[in-house]
Every structure is written in C-alpha cells, then in structure tokens.
Number of protein chains: 2
Amino acid sequence: MNTVFKALNDKTRRDILELLKEGDRTAGEIADHFNFSKPTISHHLDLLRQAELIVSEKQGQFISYSLNTTVVDELLKWVLQFSSNASEKAKNKNLGYEGQ
Amino acid sequence: MNTVFKALNDKTRRDILELLKEGDRTAGEIADHFNFSKPTISHHLDLLRQAELIVSEKQGQFISYSLNTTVVDELLKWVLQFSSNASEKAKNKNLGYEGQ
DNA sequence: TTTGTATTTAGATATTTGTCTAAATATATA
DNA sequence: TATATATTTAGACAAATATCTAAATACAAA
C-alpha cells in the first residue's frame, strides 16, 4: 500500500491514471498531454509502475501503458474498511479483505 | 482530493486512522501508540484534520479525535472510477460521482 | 494563585520529491 | 550503415516533508 499511496500523492500522476482510464497510451502520447518534459513524465510513469497501478508493454519502438485494476481493487478494499456504508462493508467482506 | 492523498501518504497517519476506526481517542492516547514525540503526532493529526479525514473536539483539557467518514466516501468514489468491478461502478453512479 | 497535565506552535535539520537538461539506449527506416 | 524517433537514465537543484527539542498555550486541581 505504501507505494500505491506514494504514487497517488501527485496530481500529475492521478491525471495520468484518468487518461489511461480512457484507453492505453504510449509514453509519448502521455507526455504530450502535460506541460512537463518527457523525462519528468517518464519518472511519473516509473512510480506508477512501481505501485503496479499501471503496466507497460513494449511494442516495437513504442512503450504502451495501461491501467492495472488489480491494485485499484486492493486500494478499494483498504478504503472500504473506513466507510460508514454498511452494504459496502458487506461487499468488502465478500472481496476477502483481511487487513494488512 | 489533494490533501486527502497527501494525508494518506504516510504509514503513521494511516495507522492513526486504523486506531480511530476502533473508537475515538485523545491526542495523548494516540501519541502513546507510537514511538514518536507528541509534537510529531500532533503534526500528523493536523494533516489528517486538514484533509478532513478526522475531526477534533475539545473536551476539557483533552482533545478528542474521531474519523470523518464523509471524506472516506469521497475517496471511495474516486477509487471506484478506476475499478473493473461493474456492480461497484453502478453503485458509484448511484452515489453521484461526477468526476472532478 | 501556583503547579501540573495536555496539546500545539516554532524553529532547526536531514531526507525525500519533482523538475530540469544532457546523455544513453533501443528500435525503425532510408 | 547512418540517421531519426521514442524512451529512459544520470545528475543536479529547489521545494516539500518528517522528525526532533524547546517554548508557548490552555485547562484543571490543589
């Protein structure tokens, strides 16, 4: 969870996730959406990948990035433990949250 | 959301939330659970309060802290938008998520 | 009022973070 | 092979962060 929260603690990185929600993008396409240098975006992608919030796949000379919903679901379970919503908590139990 | 993710990006602060999940605690009681100075814990409580993840109430000479599930639910909605779980997404719609 | 307890504020410092430019690596194409 | 494109790595630096000690504030009780 540490790397996940670290990755999410930056507006640009959260915006990258929103972009990838729409569909896969290459590193260059992602960089073109922001007013930061390519190395800076590359660094952000690295942190998101360390958190396993995204995965990368080499496609020829490009590298394509996409969301990894597995970790999103773990985060969801973590948040649910604090929710006041009883039915969410029940679902949480179904999802097998065990604390950590 | 910025202050929320900032507040969550620290193990000690997440542990404080877990502690408050069990019930309200005074600043001193919270500090006693950690191997950090009271000023350090006070600072962490301040950041959690800025994010509105917790609320404080003065009770005589003590200050009692408790969870604020309202912001937890907002966070939940934010995470849900990335979830692959379709029924969760439907629920998300019911909760009125509008993006941000 | 004086003393003690609870908590925060102030100020200092080492570490981490986000950003940049320059250079390196990898692949495609002429 | 030589050149161009895509991306990352390396190194530097300013800003933000987590921690500490010392001091200040607020309240309670003797």
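Letters A, B, ... are given to chains in the order of the sequence lines, protein chains preceding strands, and every chain is numbered from 1.
As a whole-Å value, the separation of F5(B) CZ from dT17(D) C1' is 19 Å. Between the CG atom of D15(B) and the C1' atom of dA18(D) there is a distance of 15 Å, rounded to whole Å. The separation between I41(B) atom CD1 and dT8(C) atom P is 11 Å, rounded to whole Å. In this structure, the CD atom of Q59(B) is 14 Å from the P atom of dC27(D), given to the nearest Å. Residue K58(A) contributes atom NZ, which lies 8 Å from atom C1' of dT7(D) at whole-angstrom precision. The interatomic distance linking R25(A) (CZ) with dA6(D) (C1') rounds to 17 Å, in whole Å. Summarising the geometry, the separation between CD on Q50(A) and C1' on dT8(D) is reported as 14 Å, rounded to the nearest angstrom. The separation between I54(B) atom CD1 and dT8(C) atom C1' is 14 Å, rounded to whole Å.
Once rounded to the nearest 0.5 Å, the distance linking CD1 of I63(B) with CG of L45(B) reads 9.5 Å.
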Would you tabulate the pairs of protein nitrogen or oxygen atoms and nucleotide nitrogen or oxygen atoms of nucleotides 2-5 of chain D closer than 3.5 angstrom?
| residue | atom | partner | partner atom | Å |
| --- | --- | --- | --- | --- |
| dT5(D) | O2 | Q61(A) | OE1 | 3.2 |

N/O-N/O pairs, protein side and nucleotides 12-19 of chain C side, under 3.5 Å:
| residue | atom | partner | partner atom | Å |
| --- | --- | --- | --- | --- |
| dT17(C) | OP1 | K6(A) | NZ | 3.4 |
| dT17(C) | OP2 | K6(A) | NZ | 3.2 |
| dG18(C) | OP1 | R13(A) | NH2 | 3.0 |
| dG18(C) | OP2 | R13(A) | NH1 | 3.3 |
| dT19(C) | OP2 | H44(A) | NE2 | 2.3 |

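The two residues D24(A) and E29(A) come nearest to each other via the heavy atoms O-OE1, 4.4 Å.
For N9(B), the side-chain contact (heavy atoms from CB on, under 4.5 Å) criterion is met by F5(A), K6(A), N9(A), not counting sequence neighbours.
Note on K38(B): every side-chain N or O is 4.0 Å or more away from OP1 and OP2 of dA6(C).
Checked against L76(A) for a side chain to side chain contact (heavy atoms under 4.5 Å, CB included), the options V79(A), D73(A), V72(A) give a single hit: D73(A).
Y65(A) comes within contact range of the sugar-phosphate backbone alone, with a heavy-atom separation under 4.0 Å but no base atom that close.
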